[in-house]
Amino acid sequence: MEEFVGKFWNDIITRIARDRYPAAAVPLAEVEKTTGILFRAFGGDPGLRIAAATAEEHGARRRFLQRVAGSGEKILQARIDRETLRLPPEIACFPERALNRDLYLWLATLAACADHDVSSPLPWYRRNQRATQAALTRFPGSRARYERLCAAHMAQRPRPEELPEEEAAQEFALRQALLDPGSVNIFPILTSPELRPPHPIPLWLADTPAADLRQRRRNVQEDGASEGGGTPKKNAQAHRAERVEEPEDEAPFLLMFRAESLLSWGEYIKINRAFDEEEDENAESAAADMDHLSLTQNARTAASRVKFDLDLPSAAEDDSPVGEGILLPEWDYRKKILLEKHCRIQPLIAREAAAEKLPLHLRKTAIRLRQQFAALAPARRWLKGQQDGSEIDLDACVRHFTDRAHGRTPDNGAYLAQVRHERDLACLLLADLSLSTDAWISDTHRIVDVIRESLLLFSEALSATGDPFGLYGFSSLKRQNVRFHILKDFRQPYNDIARGRILALRPGYYTRMGGALRQAISILDEYPAARKLLLLISDGKPNDLDLYDSRYGIEDTRMAIHEARRAGLYPFCVTIDREAGAYLPYIFGPAGFTVIRKPEELPHELPLLYAQLTRE
């Protein structure tokens with residue numbers, strides 16, 4: 001009974017004390033696409049991703065009921081850094097749903113005009129005023145939205161006359177800064193530690209904490225990262241984090257403990273005894289309940305040990321390397337330079353790939369594709385109305401005499417000429433063979449199985465056209481080991497040996513896409529053809545064990561695509577990642593990719609997509 005009454009009281013007082021309006025709440029997922037388009041259209045950094053903001057303690061004064069209920073201590077406020085535009089996961093500040101949605105749009109507009117340079121000397125209140133001025137000047141249509149939001153927020157702010165003198169001075173200054181951006185150059189300072197800071201402004205971007213500043217500067221300087229593992233799980237909740245020193249494992253009282261006594265205590269107790277290598281099943285839920293996470297560099301986690309045990313196969317089981325590797329550059333977007341000889345491409349050929357026939361379940365589809373694509377094969381055709389040729393053009397002769405009978409002097413040719421029509425086209429297909437391709441998409445097929453079938457049917461279709469093509473795959477294990485699998489190069493025919501190499505494909509490691517693309521560019525650039533298509537099949541965004549897992553990998557891949565276009569190639573990406581719309585438009589452009597919603601349809605869609613891309 002006591003527990004029931006306590007829970008009932010907590011629900012009642014929390015509901016009364018809250019300053020949110022759940023009925024009018026607008027979640028970030030509902031407007032994420034709109035805010036992203038608006039942010040980039042208004043000049044925001046296109047490489048930034050949009051993610052949920054973190055809840056932080058604001059330290060401002062709270063109402064009496066909030067203090068009784070223990071609520072209102074934290075606030076979700078937008079912020080921007082080198083890699084992310086963080087917006088509140090939900091906005092319910094105002095009683096009207098339209099105002100809450102307008103706040104998302106205003107924050108995207110403000111962020112597009114904000115100066116988020118980590119070395120900026122301006123304080124937070126001047127940076128936000130300057131960004132507000134720029135937004136209202138560059139986009140006058142947003143003024144009405146800003147004034148509505150400003151008026152609604154003013155009604156919610158604490159009244160200055162109810163605050164101590166110094167706090168009231170700060171409140172007056174913030175109100176003036178909101179109503180007249182740019183008018184407040186000096187912000188009053190609190191002289192007593194007992195006074196509270198002003199209540200946050202949801203219409204502004206939060207100030208960057210010093211911990212974030214130090215961490216981002218550290219990330220700029222370091223070129224390595226942890227090799228921790230585990231499969232990341234998507235969670236809408238964000239957490240504040242800090243890096244700390246690893247605690248020492250000193251337990252002096254354990255010196256008095258005798259390990260052999262464990263048998264006498266536990267040998268007759270029926271319990272599940274966990275191993276040190278096992279992962280804690282409750283770790284994810286425990287982390288979700290924490291507002292602040294502390295991270296330390298430690299390679300002794302269970303996931304790291306398992307990953308290191310599974311990463312590299314033995315030399316007897318691995319594919320055969322071709323040469324000592326190729327050193328290629330990599331783009332560092334932070335320094336705005338191309339790092340020469342930064343990553344190593346290792347070409348590989350399947351060691352024991354025996355010659356194979358086309359699998360039985362694909363033969364019927366392959367016959368149909370070959371018949372369809374045979375129409376694209378080079379063939380002879382007749383050109384009419386030529387001045388010289390091997391045959392008489394009867395239609396042209398009839399028109400000639402008819403025109404002369406009507407008093408006109410025709411000058412068209414009267415012969416037929418036979419010419420050979422050829423497609424001066426070459427295609428290189430690069431397949432992502434990362435570890436994620438080992439995932440199952442049905443009871444019988446994994447992603448890598450779908451990729452194998454796609455490569456086989458694609459090759460059968462192009463063999464019917466006569467277009468030269470090359471097949472390659474890639475995965476990576478940090479920058480010194482980008483594995484580049486040779487399945488069929490332009491000089492080799494498509495035969496049972498090539499089919500055997502395709503059928504021998506296995507999931508690899510990670511997706512260092514930029515290096516693999518540069519190697520594909522160099523191969524395709526050397527082939528003499530008027531039109532060159534670079535076709536990429538992927539199931540996720542660029543990633544690797546080091547810094548490549550963040551914006552670094554996306555920027556390097558984007559620069560590789562720019563290099564391909566400068567070389568006269570046409571790059572195009574085919575992906576089965578349903579979240580590709582968040583990063584592929586930035587890498588390939590809005591018309592440079594397509595998303596296959598059902599992965600099992602990739603083998604049938606890929607040849608048809610090629611026909612559309614190469615249609616004259």
Side-chain angles (χ1 to χ4, degrees), residues 317-323 345-374 376-378 423 425-434 437 445-475 483-508 516-517 519-524 526-529 532-538 574 602-611 614:
E317 297 294 331
D318 201 5
D319 294 339
S320 301
V322 180
I345 308 296
Q346 180 57 66
L348 299 169
I349 292 183
R351 184 183 297 271
E352 297 179 355
E356 298 281 353
K357 297 292 184 181
L358 189 68
L360 290 175
H361 67 282
L362 296 178
R363 292 182 182 178
K364 183 177 180 180
T365 304
I367 293 174
R368 177 174 55 82
L369 287 175
R370 292 180 70 91
Q371 292 174 349
Q372 293 176 349
F373 278 73
L376 302 177
R423 288 156 48 98
L425 171 69
C427 176
L428 187 148
L429 192 148
L430 183 63
D432 174 8
L433 302 177
S434 59
T437 60
H445 279 69
R446 297 174 298 168
I447 295 178
V448 69
D449 301 325
V450 172
I451 291 178
R452 291 194 197 105
E453 295 181 359
S454 301
L455 295 178
L456 290 170
L457 293 181
F458 179 83
S459 302
E460 295 290 333
L462 264 67
S463 297
T465 67
D467 295 339
F469 66 97
L471 302 178
Y472 302 87
F474 76 98
S475 66
R483 300 161 60 86
F484 197 79
H485 300 266
I486 303 174
L487 308 176
K488 175 198 171 302
D489 61 25
F490 286 97
R491 299 186 303 272
Q492 297 172 341
Y494 175 66
N495 50 23
D496 291 346
I497 296 178
R499 294 188 189 96
R501 292 175 181 173
I502 295 173
L503 292 172
L505 287 177
R506 295 170 296 178
L517 282 171
Q519 176 64 10
I521 292 169
S522 64
I523 294 173
L524 192 55
E526 294 177 356
Y527 193 84
K532 302 176 184 180
L533 174 63
L534 175 55
L535 200 56
L536 172 68
I537 301 178
S538 177
V574 181
L602 179 62
H604 304 277
E605 295 290 338
L606 186 61
L608 303 179
L609 178 64
Y610 174 82
T614 58

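Owing to the predicted nature of the structure, the values given are computational and were not obtained by experimental measurement.
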Smallest separation among heavy atoms of [X] and [Y], with atom names:
X    : Y    : answer
L456 : P359 : CD1-CD, 3.9 Å
A529 : K532 : O-CE, 3.3 Å
G500 : A353 : O-CB, 3.8 Å
D432 : F474 : CA-CE2, 3.7 Å

For the [atom1] atom of [X] and the [atom2] atom of [Y], what is their distance to the nearest 0.5 Å?
X    : Y    : atom1 : atom2 : value
L533 : Y610 : CG    : OH    : 7.0 Å
L505 : S475 : CG    : OG    : 10.5 Å
H604 : S454 : NE2   : OG    : 8.5 Å
D489 : I523 : CG    : CD1   : 8.0 Å
H445 : L602 : NE2   : CG    : 11.5 Å

Is there any salt bridge (charged side-chain N to carboxylate O under 4.0 Å, His left out) pair reaching into residues 445-457, and which pairs are they, with sequence neighbours excluded?
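The answer is D438-R446, R446-D449, D449-R452.
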Are any of the side-chain heavy atoms of [X] and [Y] separated by less than 4.5 Å?
X    : Y    : result
P507 : I447 : no
L358 : R499 : yes
L487 : Y494 : no
Y527 : L428 : no
F458 : L471 : yes
T465 : T614 : no

K488 (side chain) donor-acceptor with I502 (main chain) under 3.5 angstrom:
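Side chain of K488 to backbone of I502, a donor-acceptor pair under 3.5 Å: no, none is there.
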Can you sort out the partners of F469 under ring pair (Phe, Tyr, Trp, His ring centres under 6.0 Å), two or more places apart, ordered by chain and number?
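F469: no ring pair (Phe, Tyr, Trp, His ring centres under 6.0 Å) contacts found.
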Of all residues at least two apart in sequence or in a different chain, which pass the ring pair (Phe, Tyr, Trp, His ring centres under 6.0 Å) check with Y472?
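Y472 satisfies ring pair (Phe, Tyr, Trp, His ring centres under 6.0 Å) with F484 once adjacent residues are dropped.
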Would you find more than 12 non-hydrogen atoms of other residues, nucleotides or ligands less than 6.0 Å from I486 atom CD1?
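Yes, CD1 of I486 has more than 12 neighbouring heavy atoms, counting only those of other groups under 6.0 Å.
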So if I apply the side chain to side chain contact (heavy atoms under 4.5 Å, CB included) rule between R368 and each of Q372, K364, R370, which one comes out positive?
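Passing option: Q372.
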Full working for side-chain contact (heavy atoms from CB on, under 4.5 Å) between L369 and E460:
CA-CA 7 Å; L369 287 175; E460 295 290 333; 5.7 Å; no
Could you go step by step and tell me if L524 and F490 meet the side-chain contact (heavy atoms from CB on, under 4.5 Å) rule?
CA-CA 9 Å; L524 192 55; F490 286 97; 3.5 Å; yes
Among H485, R483, Q346, R351, side-chain hydrogen bond (donor to acceptor under 3.5 Å, both in side chains) partner for D319:
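When side-chain hydrogen bond (donor to acceptor under 3.5 Å, both in side chains) is applied between D319 and each of H485, R483, Q346, R351, only H485 qualifies.
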Test side-chain contact (heavy atoms from CB on, under 4.5 Å) applied to L517 and L534, step by step
CA-CA 9 Å; L517 282 171; L534 175 55; 4.1 Å; yes
Go through the steps for L606 and L535 under the test side-chain contact (heavy atoms from CB on, under 4.5 Å), then give the verdict.
CA-CA 10 Å; L606 186 61; L535 200 56; 3.9 Å; yes
